[in-house]
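Everything numeric in this text was worked out from a predicted model, so none of it was measured.
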Amino acid sequence: MQIIHIAIDGPAAAGKGSVALGLSKALGIPCLDTGAIYRAIALFAYRNGIDNFVGKLGEANISAKIINNSTHVFIGKEDVTKSIRENEVSQTASKVATMKPVRDYATKMSKDLAKGQSLIAEGRDICSVVLDKAKYKFYLTADNETRARRRHAELTEKGKQIPYEQVLEEIIERDTRDKTKGGLVQVPDAVVVDSTKMTVDQVIEHMLKHVHGK
Ligand code: C5P
């Protein structure tokens, strides 16, 4: 059977997760949220002290598993999939993601999950590092305000009362760090999709045309 890898990168709250899930359903290929791995490492860092967790990473026993097409992450036997969605974890994840040992650790875990199977992976360095040989590469983006509005609506729906201005500020701060010190790269061979004026379904349809047409 032919192995198909689809790589999706882009800044925070661009809709990568929803789009990856839609593609996954349409193509029958599992999807991996690599951000969850960085978030699990961030939670481990938070618990062990941001200044001295790196030396403990080797024994941290952090793992990721795709269960019913959703990425579950574990610290030892503890399933931390829910805890990593707290808003504060986003910023910590972006900070630890600037550290080389953290990137190496997360990259190895992601590459291992892609070995021997078709996979749709989304994150920041999928096209450039994790699935650098992928046949299909996408860079999904949207303007800052649109992304902040979407993330704000998501948080509000979860009962988190965070002002829109703060969400916008945090997204810009995270993207800047991800681009300058972290892994966010727009590779030249990626198809750029600006979803500012598109619905999730329109983005999925657009990407599927590329996949079927190539
Ligand atoms: O995608 P998500 O917002 O959950 O990712 C959290 C953080 O993890 C990002 O802001 C980024 O710093 C980091 N990340 C990364 N490389 C990836 C996925 C996520 O550096 N492939």
Point-to-point distance, once rounded to the nearest 0.5 Å, from CG of Asp189 to OG of Ser128: 10.0 Å
Heavy atoms of other groups near Glu169 CD, more than 12 under 6.0 Å: no
Arg39 side chain to Ser90 side chain, donor-acceptor N/O pair below 3.5 angstrom: yes
Under 3.5 Å side-chain donor-acceptor pair for Ser94 and Arg174: no
ILVMFWY network linking Leu113 to Ile6, side-chain heavy atoms under 4.5 angstrom: no
Lys25 atom NZ, neighbour heavy-atom count above 12 within 6.0 Å: no
Leu23 reachable from Val203 in the ILVMFWY side-chain graph, under 4.5 Å edges: yes
Residue pairs passing the salt bridge (Lys or Arg N to Asp or Glu O under 4.0 Å) test where at least one lies in residues 92-103, sequence neighbours excluded: Lys100-Asp104, Arg103-Asp125
Under 3.5 Å donor-acceptor, Arg147 side chain and Ala14 backbone: no
Electrostatic pair Arg47:Glu78 at N-O distance under 4.0 angstrom: yes
Ionic contact status for Arg124 with Asp9, cut-off 4.0 Å: no
Electrostatic pair Arg151-Glu170, nearest N-O below 4.0 angstrom: no
Evaluation steps, side chain to side chain donor-acceptor pair (under 3.5 Å), between Asp79 and Thr81: CA-CA 6 Å; Asp79 187 335; Thr81 310; 2.4 Å; yes
Salt bridge Lys56-Glu59, side-chain N to carboxylate O under 4.0 Å: no
Between Thr141 and Asp194: side-chain donor-acceptor atoms closer than 3.5 Å: no
Test log, rule side chain to side chain contact (heavy atoms under 4.5 Å, CB included), inputs Glu145 and Tyr164: CA-CA 9 Å; Glu145 289 72 22; Tyr164 164 80; 3.6 Å; yes
Ile50 reachable from Leu57 in the ILVMFWY side-chain graph, under 4.5 Å edges: yes
Basic-acidic side-chain contact under 4.0 Å: Asp175, Lys179: no
Carboxylate-amine/guanidinium proximity below 4.0 Å for Arg177 and Glu173: yes
Backbone N/O of Asp143 and side chain of Thr196: donor-acceptor pair under 3.5 Å: yes
Nearest-0.5 Å distance that lies between atom OG1 in Thr199 and atom CD in Glu205: 8.5 Å
Shared hydrophobic cluster for Leu140 and Leu27 (ILVMFWY, side-chain gaps under 4.5 Å): yes
Side-chain donor or acceptor of Lys65 paired with backbone N/O of His72 under 3.5 Å: no
same_hphob_cluster(Tyr46, Ile75) at 4.5 Å side-chain heavy-atom cutoff: no
Full working for side chain to side chain contact (heavy atoms under 4.5 Å, CB included) between Asp132 and Cys127: CA-CA 5 Å; Asp132 57 336; Cys127 300; over 6 Å; no
